[in-house]
Amino acid sequence: MKAYLEQELSAVLAEMGAPPDFVPEFEIPNNPEHGDLATNAALQLARHLRRAPRQIAEEIATRLRQKPVDPRRIAAIEVAGPGFLNVRFAHTYLADRIADILRQGDAYGRTDVGQGLPAIVEYVSANPTGPLTVGHGRNAVLGDTIANLLDWTGYAVTREYYFNDAGRQMRVLAQSVRARYEQLLADPDMEPYLDLSGDRRARWERLLDTFDTKDIEVGEGETVEVPASFPEDGYLGEYIFDIARSLIERHGLDLLDADDLTPFKQAAQEAIFADIERTIRRLGIEMDTYFNEHTLYETGKVWDVLEALRERGHIYEADGAVWFRTSAFGKDKDTVLVKSTGEPTYRLPDIAYHVDKFERGFRKIVDVFGADHIATYPDVIKGVELLGYDAGAIEVVIYQFVTLVRGGQPVKMSTRKANYVTLDELMDEVGEDVTRFFFLMRSPNTHLEFDLDLAREASDKNPVFYLQYAHARICSILRKAEEVGVTFAEDADLTRLTHPSEEALAKTLLQLPEVIQRAAETKEPQILATYLRDVATAFSQFYRDCRIIGEAQALATARMHLARATRLTLANGLTVLGISAPGQM
RNA sequence: GCGCCUGUAGCUCAACCGGACAGAGCAGCGGACUUCUAAUCCGCAGGUUGCAGGUUCGAGUCCUGCCGGGCGCGCCA
């Protein structure tokens, strides 16, 4: 409808001498008295046409009315206020659209604006150094929902997890595991559990003699006692012990004198990745691809990118390092791409990674990052652009941090002390649906306060249940209506839906496709979450005013259609958000 | 000091490329269940959209300057 009106209006405006690049837009007015769709085109054109906006609006209205406008769709075109043009839907239009929703079923809300364009959404992308935290949760849920939104708007979406299992972080992780491994073994009580055959007894006794501990600083003057071999910035989490224990079960003390960290790294990575995958699966997330940074070295792409940048003169060497001339485009400093050790910084593979995304054919590239990456991604985009790719295809979604609030107080967390709430613990406490919804109900660029008390409350205070309750209630009504013999006739006469609550509900329902489009374009899922609340409210009001059971068959059937259309709208919207739509509560 | 985000009702937040009277939820007060789910609905109260200028027919939205909060500013990721 919107597109139809915009097209008709464009034609009229062209006749009236509007600039050819002017695109009129209709929007839904805040105030229902202003009709179902309104446009401010006359106001915007007043200056250009050098005429009073009100007068322009009158002429547009007159011309529009002369067009062969389908009376099944439009009931009235009015001029109002300083020069707005308000359009009212015909009653038959609403009836047609409800029938349309039911025809589309599970697909209602889908559009093809993306036209099958290949899109990639990169999210989570946590390196396997520990369990996912609440912060990763916002990333995961946001990324996954954006991927859903793009899918529903007609893009061919790939969901990708990018990670790096080489580098310093992983080395420190492996060292941490080895230190815990030694610590667990350096216990005289372990004797009965160990195979001490051969020279193993001597090795074990040597460990008992030499094992020592030290204190390390963890901030705010606090210290923690750790094995002497524990790295300064090692990982203190309890999960490191679990990994060490599993190594003892599998290898006993045979890894004691290994001078290679590989088995520790391997075990840690496998265990942690398995854990991460379990966690995101709980949230309903299924990745299409996992991309290991390492492949960018194996294929030489990292060096190709470096050479390409060098050829184009964006690179120079100084102090033994290779620099990217970022100061040439507005940054206050240049950026190191290859350290004097010969090892690239993460920025170089990041550029190569994005080049790779283009080479794989993606035409829309979405990255989901926390606010702490805000300063780094412009370099990557610039790098890609300098190599001749369409950097405009890259969209970076930056989300602000999450604070957990309990009892009105922020929950203190410190990664350093391994004192943080994991995503799994959060889901254990409040459930998966609530977790997803809370991460989605706020704009990504606002700081999120996650109120655990509110989230845990299974009551009317919790906004998730409001949506789910409305859905469950519809299911219940439809069940009961069928029990008492109200039939769901295919040929129901939907023009019988004339009650204001019925009309208001119907008008709300038919917004779903454009709401999904807008949320997809802006990458702001809270637009959809907010809309679904409106749907639930409109339904509750309909429920208050209009009964199904006990009404004459024709009216009851028409209302069943409306209830079904509402259920589809809620269910499809919740599906996009990745939240379940229960049949009863 | 510089860059990005942010400041809207007591609290948490909406407000669709600048549009008509700034809206919800929670908290507060008052109402509605012999009825298809009261996890619901209705009403009341609550605001100088941080402050000051500017652009515009029109500004919560755009520009400038202040003030407050967050995140960055490494040959870490």
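So that the names make sense, note that chain A is the first sequence line, chain B the second, and so on, each numbered from 1.
- In this structure, CG of L337(A) is placed 15 Å from P of G74(B), rounded to the nearest angstrom.
- Checking A77(B), C21(B), A38(B) against the side-chain heavy atoms of H373(A) singles out A77(B) as nearest.
- Per the geometry, CG belonging to N30(A) stands 13 Å off C1' belonging to G60(B), to the nearest Å.
- L478(A) comes within 4.0 angstrom of no nucleic acid atom, judged by non-hydrogen atoms across all strands.
- Within the 4.0 angstrom heavy-atom criterion, base atoms lie near R518(A).
- Comparing G3(B), U37(B), C76(B) by their nearest atom to the side chain of R168(A) picks out C76(B).
- Regarding R406(A), its CZ atom lies at a distance of 23 Å from the P atom of C11(B), rounded to whole Å.
- When both pairing distances are held under 3.5 Å, G58(B) makes no Watson-Crick or G-U pair with any nucleotide shown.
- Base pairing annotation: C51(B) forms a Watson-Crick or G-U wobble pair with G65(B), both donor-acceptor distances under 3.5 Å.
- Separating the C1' atom of G7(B) from that of U48(B) is a span of 15 Å, rounded to the nearest Å.
- Between K339(A) and the phosphate of C76(B), there is a side-chain N or O to OP1/OP2 separation shorter than 4.0 Å.
- Stacking between H34(A) and A20(B) is present: the aromatic ring centre lies within less than 5.5 angstrom of the base six-membered ring centre, and the two planes differ by under 30 degrees.
- Salt-bridge annotation for E429(A) and R406(A): present, with a side-chain N of the basic residue lying under 4.0 Å from a carboxylate O of the acidic one.
- If you measure from atom CG of N164(A) to atom P of C76(B), you get 14 Å, rounded to the nearest angstrom.
- Distance noted for atom P between A22(B) and G46(B): 14 Å (whole Å).
- A77(B) and G68(B) have their P atoms separated by 35 Å, with the value rounded to a whole Å.
- Note on Y466(A): only backbone sugar-phosphate atoms sit closer than 4.0 angstrom, heavy atoms only; bases stay farther off.
- The phosphate of A15(B) has OP1 or OP2 within less than 4.0 Å of a side-chain N or O from Q526(A).
- If you check C26(B) for Watson-Crick or wobble pairing at under 3.5 angstrom, you find it paired to G10(B).
- Residue Q584(A) is in base contact, counting any heavy-atom pair closer than 4.0 Å across all strands shown.
- The distance between atom CG of D233(A) and atom P of A77(B), rounded to the nearest whole Å, is 13 Å.
- Note on T522(A): nothing from the nucleic acid sits closer than 4.0 angstrom, heavy atoms only.
- Within the structure, every side-chain polar atom (N or O) of R347(A) is placed at least 4.0 Å from both OP1 and OP2 of C76(B).
- Taking atom CG on N139(A) and atom P on C71(B), their separation rounds to 18 Å, with Å as the unit.
- Among the atoms of the strands shown, none is found under 4.0 Å from any heavy atom of C475(A).
- For the P atoms, the distance from G60(B) to C67(B) is 24 Å, rounded to whole Å.
- Between C42(B) and R544(A), a contact under 4.0 Å exists linking OP1 or OP2 to a side-chain N or O.
- Across all strands shown, D451(A) has no heavy atoms under 4.0 Å from either base or sugar-phosphate atoms.
- Comparing C76(B), C13(B), U37(B) by their nearest atom to the side chain of S476(A) picks out U37(B).
- Taking the C1' atoms as reference points, G65(B) lies 24 Å from G72(B), given to the whole Å.
- One atom, CD of E343(A), and another, C1' of A77(B), lie 12 Å apart when rounded to the nearest Å.
- Distances were taken from every side-chain heavy atom of N40(A) (C-beta onward) to each of G19(B), C75(B), A20(B); the shortest belongs to G19(B).
- Note on Y543(A): a side-chain N or O is less than 4.0 Å away from OP1 or OP2 of A38(B).
- Here the separation of A20(B) from C62(B), taken at their P atoms, is 16 Å to the nearest Å.
- Contacts of S540(A) with the nucleic acid, taken as non-hydrogen atoms under 4.0 Å apart, involve only primed sugar atoms and P, OP1 or OP2.
- Across all strands shown, A472(A) has heavy atoms under 4.0 Å from base atoms, whether or not it also approaches the sugar-phosphate.
- Minimum heavy-atom separation, A80(A) to N86(A): CB-ND2, 3.5 Å.
- Comparing the same atom, C1', in U49(B) and in A15(B) gives a spacing of 11 Å after rounding to whole Å.
- Nucleic acid contact class of E25(A) (heavy atoms, under 4.0 Å, all strands): base.
- At C42(B), one or more side-chain N or O atoms of Q541(A) fall inside 4.0 Å of OP1 or OP2 (strictly under the cut-off).
- The side-chain heavy atoms of Y353(A) and V380(A), taken from C-beta on, include no pair separated by under 4.5 Å.
- Of the nucleotides present, none pairs with C17(B) by Watson-Crick or G-U wobble criteria with both distances under 3.5 Å.
- Looking at heavy-atom distances under 4.0 Å, N445(A) makes contact with sugar-phosphate atoms alone, never a base.
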Show me the protein contacts with nucleotides 22-26 of chain B, counting only N or O atoms at under 3.5 Å.
none

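- Atom NZ in K331(A) sits about 13 Å away from atom P in G3(B), given to the nearest Å.
- Within the nucleic acid shown, R479(A) has no heavy atom closer than 4.0 Å to any nucleic acid atom.
- Under the side-chain hydrogen bond (donor to acceptor under 3.5 Å, both in side chains) test applied with T403(A), the options H447(A), K412(A), E449(A) reduce to a single match, H447(A).
- Rounded to the nearest Å, the gap between the C1' atom of G25(B) and that of U34(B) is 32 Å.
- Note on K357(A) versus E160(A): no salt bridge recorded, every NZ/NE/NH1/NH2 to OD/OE distance being 4.0 Å or above.
- At a threshold of 4.0 angstrom between heavy atoms, the contacts of A38(A) include nucleobase atoms, whether or not backbone atoms are also involved.
- The shortest distance between the side-chain N/O atoms of Y346(A) and the OP1/OP2 oxygens of A77(B) is not below 4.0 Å.
- Residue-level contact check: A321(A) touches the bases, meaning some heavy atom is under 4.0 Å from a base atom.
- Both distances falling under 3.5 Å, in either a Watson-Crick or a G-U wobble arrangement, place G72(B) opposite C2(B).
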